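If you're wondering where the values come from, they're calculated on a predicted model, not measured in any experiment. Here is how names work: the chains are called A, B, and so on, in the same order as the sequence lines, proteins then strands, and each is numbered from 1.
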2 protein chains.
Amino acid sequence: MKKHRNRLLAALLPADLNLLETQLQSVQLEKRRVLEAPNRTVEYVYFPETAIASVVAVCGRDERIEVGLIGCEGVSGLTVLMGDRRSPNSTYVQVEGEALRIEADALRKVLLQNESLRDLLLRFGHVFTTQIAQTAVANGRAKLEQRLARWILMAHDRTVADDVAITHEFLAVMLGVRRASVTVALDALEKKGFIAARRGSLTVADRKAIEKIAGHFYGVPEAEFERLIG
Amino acid sequence: MKKHRNRLLAALLPADLNLLETQLQSVQLEKRRVLEAPNRTVEYVYFPETAIASVVAVCGRDERIEVGLIGCEGVSGLTVLMGDRRSPNSTYVQVEGEALRIEADALRKVLLQNESLRDLLLRFGHVFTTQIAQTAVANGRAKLEQRLARWILMAHDRTVADDVAITHEFLAVMLGVRRASVTVALDALEKKGFIAARRGSLTVADRKAIEKIAGHFYGVPEAEFERLIG
DNA sequence: ATGCTACCGTACGTTTCCGTACTGAGAAAA
DNA sequence: TTTTCTCAGTACGGAAACGTACGGTAGCAT
């Protein structure tokens, strides 16, 4: 029973963790792998260790935007926790890495027996809902540079090194803006020396400065996490 | 034991409803009454009958935007269901009317005993999270006229008559835009004959047409509601 | 009846971001 | 090596919404 990198698993009581661990399976998640498709039954629930997944809300066929990031601090498939097995959102891997997964049915059975695990996951559900709500605020009121800063910070929180492997194209889809707008905004951050950009990835160079740009659009769900789980 | 207008209460099994009803208290909610303040303990959980409440996400001191509407289809205070007693969001009455309320502690006790009630509320939690996520999409990708149409439809779903009592000023705060922008957009809808506007309120005249304007930015959480609760 | 206040209509220059599109550079495949 | 593809930088006209502000009207209060 090694120490898990995933903070939810790490927060479990040893007894609860044992109950889960017999069912948990370690998997390597490659980039763009779909963990949940819109309105499809969720098969597995993933606890990322080093991977990061995006939760993307979809309208009709075309309109889509990222509403949340899930990394080592969380878990996918909250719909299972809410007594359902599907959601209109899409979830896929944004940054490749390791995760532990459990079958949705198995998780549901464990949850029935285990109140403290259920409570922990519900608290995370609250945190994640807060993240979605704050994304709605940022989308409605923040400038692109601030939203970009917010995304970089959230990704940075969930990565091991200061490195985030992402293309402008993908960032544009996540933020719901043009690819060209992302290029311009990232350039601005790089010229100020806050990040270093390479083809297909960026490195956080001055986190404090990026936090200053994001302002209060970053930090609310993070504070909720610390209060309820951390 | 009269039939409740609130659709969650109406969906309860008689036994479950009885358990709740001894604790439920009918209240008249005046405009702008605060049901939940940011990061303050929730005292009561409200099941609106004719009232409508706005859930507003707050960043720092100034930046705020509505992330959800709660009317006769739902319940406030989901944070209580998630095992917490507070949230960074603010909830207040947008359209005055009646509601039934229960003390947060009392609800929590009832939830412990009553699995089917808990399951129902959890399913509503899923629906409401979907609503927040779709708000994030609309804020990021829709034009103001579409967002306005979406808001009108959601309010219309929750009102008795076709009438919604709201000022441009308040709508502007909800949508996170200028008051003047709301005026212009509402004027456009009125000139097309889709709504009738008076000082401090508006009436839905051609719902189908408004749905067409909102497009796929309206309807996703509503479909989830029908699937899981309706 | 008069004044006050809240609410609505309108205007104008400005900012942000869009749509589109062309070019070059890095990395992988042939 | 040469080709091919993906990714990033740049440009330009245009749309949407902003900040600000001024004037008008409905309804309430005195």
Taking atom P of C:dG9 as reference, at what distance in whole Å does atom CD of B:Glu190 sit?
7 Å
Could you tell me how far apart A:Leu186 (CG) and D:dG9 (P) are, to the nearest whole angstrom?
8 Å
Rounded distance (Å) that lies between atom P of D:dG9 and atom NZ of A:Lys191
8 Å
Using a 4.0 Å heavy-atom cut-off across all strands, classify A:Gly176 as base, sugar-phosphate, or nothing.
sugar-phosphate
Between A:Asp162 and A:Thr203, is any side-chain donor less than 3.5 angstrom from a side-chain acceptor?
no
State, to 0.1 Å, how close A:Ile229 and A:Arg123 come at their nearest heavy-atom pair, and which atoms those are.
CD1-C, 4.3 Å
Could you state the CG-P distance from B:Leu148 to D:dA16, rounded to the nearest angstrom?
15 Å
Roughly, in whole Å, what's the span from CG in A:Leu189 to P in D:dA8?
15 Å
Comparing nearest nucleotides in DNA chain C, the 5'-proximal residue of the pair A:Lys143, B:Arg178 is B:Arg178
Is the shortest heavy-atom distance from the side chain of A:Tyr46 to the side chain of A:Val27 under 4.5 Å?
yes
If you compare every side-chain N and O of B:Ser181 against the phosphate oxygens of D:dA16 (OP1, OP2), does one of them come in below 4.0 Å?
no
Of the listed D:dT10, C:dC8, C:dT10, the closest approach to the A:Asp187 side chain comes from D:dT10
Rounding to an integer number of Å, can you tell me how far A:Gln146 CD sits from C:dC17 P?
9 Å
Taking any heavy-atom pair under 4.0 Å as a contact, classify A:Ala197: base, sugar-phosphate, or nothing.
nothing
With respect to the side chain of B:His168, which nucleotide from D:dC7, C:dG9, C:dC17 is positioned closest?
C:dG9
Against the side chain of B:Arg179, the closest entry in C:dG26, D:dA17, C:dG9 is C:dG9
Applying a 4.0 Å non-hydrogen cut-off, can you work out what B:Arg141 is touching in the nucleic acid: base, sugar-phosphate, or nothing?
nothing
I need the CG-P distance between A:Leu144 and C:dT15, as an integer number of Å.
17 Å
Under 3.5 Å, is there a donor on one side chain and an acceptor on the other for A:Arg150 and A:Thr135?
yes
Using whole Å, report how far CD of A:Glu169 lies from P of C:dA25.
20 Å
Polar side-chain contact B:Arg199-C:dA6 base: donor and acceptor under 3.5 Å
yes
Among side-chain atoms of A:Ser90 and A:Glu36, is any donor-acceptor pair under 3.5 angstrom?
no
